[in-house]
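To keep things clear, I will list the structure first and then write my remarks on it.
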Amino acid sequence: MASTSAEIIAFLLTISGWVLISSTLPTDYWKVSTIDGTVITTATFWANLWKTCVTDSTGVSNCKDFPSMLALDGYIQACRGLMISAVCLGFFGAIFGLVGMKCTKVGGSDQTKAKIACLAGLIFILSGLCSMTSCSLYANRITSEFFDPSFVAQKYELGAALFIGWAGASLCIIGGIIFCFSIAENSNSTRRGYAYNGATSVMSSRTKVHNSVPDKTPPKHFDKNAYV
């Protein structure tokens, strides 16, 4: 019962993390910068993995898509690949997680379902690591440009999408670890069942040996008057 509850909690954590990672990919504010006037913010610059935009004080946004994938910076290409990989891995991890959970009716025996659940946990951990690496790589580029005194172009700060990606990656990793422990709990329950069967067989063998011991009680001698 405890293992089933743990698997349900792990599934909820991993699905929540996968949804957050999936929502991070199209989110606008991966990095943001503002130009303030005396009273109001005159312009807001922001960018993500697909475009860079500027929004003025009236709320009108002007965006420019990245012209060519081959002309992009290497870190943007790496972040795109890692985030897409994280989303795809989370999708397959959700399928394996549903099959491997004990509360579902598919997947075979308990040992087979435990192995499938462990595989789902490994896939979710890999998905979380991909998202964590992508967000950290993008954040490292932002911070290195921000604190570089020789960098004269527009400087940005960390956007909300990075924090959402880190949160989703953490949930996927935690849920995946819980899924991986399901195979250990299944092996422990199998060992307990084997020990119980062994104890039963020993008791039955002792009973058989006790019953097979011949009766060495000396026979009673009766005289002929006993038959009268």
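- Taking all atoms of both residues into account, the shortest heavy-atom contact from A6 to I178 is O-CG2, 3.5 Å.
- For F146 and Y156, the gap between ring centers reaches or exceeds 6.0 Å.
- In terms of heavy atoms, P26 sits closest to S22 at CD-O, 3.1 Å.
- A distance of 9.5 Å separates CZ in F179 from CG in L13, rounded to the nearest 0.5 Å.
- Pairing each heavy atom of C79 with each of L137, the nearest pair is SG-CD2, 4.1 Å.
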Go through the steps to decide whether V99 and T104 satisfy the test side-chain contact (heavy atoms from CB on, under 4.5 Å), and finish with yes or no.
CA-CA 7 Å; V99 175; T104 58; 5.8 Å; no

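- Atom CG of L82 is separated from atom CG of L89 by 10.5 Å, given to the nearest 0.5 angstrom.
- The backbone N or O of T24 sits less than 3.5 Å from a side-chain atom of W30, completing a donor-acceptor pair.
- F66 is connected to I142 through a chain of hydrophobic side-chain contacts under 4.5 Å among Ile, Leu, Val, Met, Phe, Trp and Tyr, so both are in one cluster.
- Side-chain contact between L126 and L122 is absent, with no heavy-atom pair separated by less than 4.5 Å.
- Placement of L72 and Y138 within a single hydrophobic cluster is found when ILVMFWY residues are connected by side-chain heavy-atom separations under 4.5 Å, directly or transitively.
- The number of heavy atoms from other shown groups lying within 6.0 Å of CZ (F91) does not exceed 12.
- Taken to the nearest 0.5 Å, the CZ atom of F92 stands 12.0 Å off from the CG atom of L119.
- S170 places a side-chain N or O within 3.5 Å of a backbone atom of W166 that can act as its donor or acceptor partner.
- One hydrophobic cluster, built from ILVMFWY side chains closer than 4.5 Å, cannot hold both M132 and I164; they sit in different ones.
- T27 meets the side chain to side chain donor-acceptor pair (under 3.5 Å) test with no other residue; sequence neighbours excluded.
- The two residues S16 and L12 make their nearest non-hydrogen contact at OG-O, 2.8 Å.
- Atom SG of C103 is separated from atom CD1 of I8 by 4.5 Å, given to the nearest 0.5 angstrom.
- Here the shortest heavy-atom pairing between L49 and I76 reads O-CG2, 3.9 Å.
- Here the side chain of K113 pairs a donor or acceptor atom with the backbone of M101 at under 3.5 angstrom.
- A distance-only check finds no donor-acceptor pair linking the side chain of W18 to the backbone of F124 [under 3.5 Å].
- Taking the salt bridge (charged side-chain N to carboxylate O under 4.0 Å, His left out) definition, one finds that E145 meets it with R141, sequence neighbours left out.
- Here the SG atom belonging to C63 is positioned 7.5 Å from the CG atom belonging to D28, to the nearest 0.5 angstrom.
- E157 CD: 12 or fewer foreign heavy atoms inside a 6.0 Å radius.
- Side-chain contact check for F11 versus L98: some heavy-atom pair is nearer than 4.5 Å.
- Checked by atom type and distance alone, the side chain of S131 never pairs as donor or acceptor with a backbone atom of A169 at under 3.5 Å.
- The one candidate from N140, L162, L158 that meets the side chain to side chain contact (heavy atoms under 4.5 Å, CB included) condition with C135 is L162.
- A continuous path of ILVMFWY side-chain contacts below 4.5 Å connects I84 to I95, so both sit in one hydrophobic cluster.
- With values rounded to the nearest 0.5 angstrom, D148 atom CG is found 11.0 Å from T143 atom OG1.
- Without hydrogens or angle criteria, D73 side chain to Y75 main chain gives no donor-acceptor distance under 3.5 Å.
- Criterion: ILVMFWY side-chain heavy atoms under 4.5 Å apart, direct or through other members. Under it, M83 and W50 are part of a common hydrophobic cluster.
- What you find for C172 and I21 is that their closest heavy atoms are SG-CD1, 3.9 Å.
- A donor-acceptor pair is defined here as one N or O able to donate and one able to accept, closer than 3.5 Å; no such pair exists between the side chain of W46 and the backbone of S33.
- Sulfur-to-sulfur, C180 and C118 sit at least 2.5 Å apart at their SG atoms.
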